[in-house]
Amino acid sequence: MFFSFDLFISSAILQQKEGNIVKLIRVKDYNDLSKKASEILLKKVKNSQFLTLGLPTGSTPIGLYKLLVQDFLRSYTTYEHVTTFNLDEYIGLKPNHPNSYAYFMNKHLFHHIDIPVNQIFIPSGITENPINQCDEYEEQILSHGGIDLLFLGIGSNGHIGFNEPGTPFTSRTHVVNLDEKTIIDNSRFFKNINDVPKQAITMGLETIMTSKEIILLVSGKSKAEIMKALLDSEPSENLPASILKTHHNVTIIADESSLSLID
Ligand code: GLP
């Protein structure tokens, strides 16, 4: 394994495998992570005629979305030419349910910028036929020419989107039974752990991998163990995020506490 990581520089080529390079941008803390991510995203938004973004939910991207909203208020960066596809949604929650990812995205981003509503795609949690909807989601992504830039967070068990350990690397958008660990982790957003949905719809790992560029955001001590496992492991379906090591254009932005177990 080629491993070059210097604590004193913020950007390093982390791993090179069969021509694929994983770039690591090491930042001090959550604020710096959000700032770096917003700079990359805003540059793309400003320099593209049309842009298709893939967007995550969870605590990690909240700082990024806050900075995008601040930028919109100050600089009026337009999103009229941007289409977005969210990674996932809980099954059983209506878009106006405070724990749905649709609600989350409206609250943290979409209601505060000028993106046209018909350019926002999020899987529906209340569709009568989830399987059909998965196929439709794939087609919608394809008909927009694929995702240009996809942001991801990581679950403490290594999931990306809601692709839990054991998900085939060849998976496309699908219905998933959530891991017990994911239900426990995500119960912090719900009144009661029994309220956490047991199923979700998620972009598959192969869907994620068709994105032209991927940025993985990792912050906090609770992610230190999975970061170590991710950096140490060969690509394996037991650690879904490890598939990213085989992508040709992936950057990990990680803060110091998430890297605290890396020598
Ligand atoms: C959820 C989402 C993932 C997200 C993960 C980590 O399970 N489905 O897309 O990456 O949580 O969330 P957090 O950023 O809160 O640690």
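Because the structure is a prediction, the values reported are computed rather than measured.
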Assess, by modelled atom type and distance only, whether the side chains of [X] and [Y] contain a donor and an acceptor separated by less than 3.5 Å.
X	Y	value
N186	Y90	yes
E138	T207	yes
T170	E206	no
E164	T182	yes
S258	K221	no
D29	N31	no

Using modelled atom types and a 3.5 Å cut-off, is there a donor and acceptor pairing between side-chain atoms of [X] and backbone atoms of [Y]?
X	Y	answer
T84	L53	no
D135	N132	no
Q199	N177	no
N47	K43	yes
Q119	E80	yes
Y30	G63	yes
S187	I193	no
N86	D88	no
H108	P61	no

Would you say that [X] contacts [Y] through its side chain, given a criterion of any heavy-atom pair below 4.5 Å between the two side chains?
X	Y	answer
D148	E213	no
N99	D195	no
M203	F85	yes
L216	I253	no
T78	V45	no
P235	F169	yes
L152	I214	yes
K23	I252	no

Linking I/L/V/M/F/W/Y whenever any side-chain heavy atoms sit under 4.5 Å apart, do [X] and [Y] land together?
X	Y	result
V82	V69	yes
I208	F162	no
F72	L149	yes
L261	I226	no
F189	I154	no

To the nearest 0.5 Å, what is the distance between [atom1] on [X] and [atom2] on [Y]?
X	Y	atom1	atom2	answer
K212	T52	NZ	OG1	6.5 Å
E136	F121	CD	CZ	10.5 Å
L41	K46	CG	NZ	10.5 Å
I147	S211	CD1	OG	4.5 Å
N157	N238	CG	CG	11.0 Å
R172	T202	CZ	OG1	13.0 Å

Could you tell me which non-hydrogen atom of [X] sits nearest to which non-hydrogen atom of [Y], and how far apart they are?
X	Y	answer
C134	H174	SG-CA, 3.6 Å
H144	Q140	ND1-O, 2.8 Å
A200	L178	CB-CD2, 4.0 Å
L230	K245	O-NZ, 2.7 Å
D179	P165	OD2-CD, 4.2 Å
S257	S260	O-OG, 2.8 Å

* To do: May I have the step-by-step check of side chain to side chain contact (heavy atoms under 4.5 Å, CB included) for T251 and L24, ending in yes or no?
  => CA-CA 6 Å; T251 303; L24 175 72; over 6 Å; no
* To do: Check step by step if side chain to side chain contact (heavy atoms under 4.5 Å, CB included) holds for S156 and K181.
  => CA-CA 8 Å; S156 63; K181 194 157 193 331; 2.9 Å; yes
* Evaluation steps, salt bridge (charged side-chain N to carboxylate O under 4.0 Å, His left out), between E39 and K35 -> CA-CA 6 Å; E39 284 165 6; K35 198 162 165 256; 3.8 Å; yes
* Report the C-alpha separation of L68 and L109 in whole Å, then their side-chain angles, then the decisive distance to 0.1 Å, and conclude whether the side chain to side chain contact (heavy atoms under 4.5 Å, CB included) test is met. => CA-CA 8 Å; L68 298 182; L109 185 64; 3.9 Å; yes
* Show your working on side chain to side chain contact (heavy atoms under 4.5 Å, CB included) between Y65 and F110 and close with a plain yes or no. => CA-CA 9 Å; Y65 297 151; F110 296 145; over 6 Å; no
* More than 12 foreign heavy atoms under 6.0 Å from CD1 of I126: is that the case here? ->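 More than 12 within 6.0 Å, yes.
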* Does atom NZ of K28 have more than 12 heavy-atom neighbours, drawn from other residues, nucleotides or ligands, at distances under 6.0 Å? ->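 Count not over threshold, so no.
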* Starting from I201, walk the hydrophobic network (Ile, Leu, Val, Met, Phe, Trp, Tyr; side-chain heavy atoms closer than 4.5 Å) and list everyone else you reach, by chain and number. =>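 Noted: I201 shares its cluster with I91, V175.
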* Asked: Under the salt bridge (charged side-chain N to carboxylate O under 4.0 Å, His left out) criterion, do D32 and K36 qualify, and how do the steps go?
  -> CA-CA 6 Å; D32 283 359; K36 188 74 209 168; over 6 Å; no
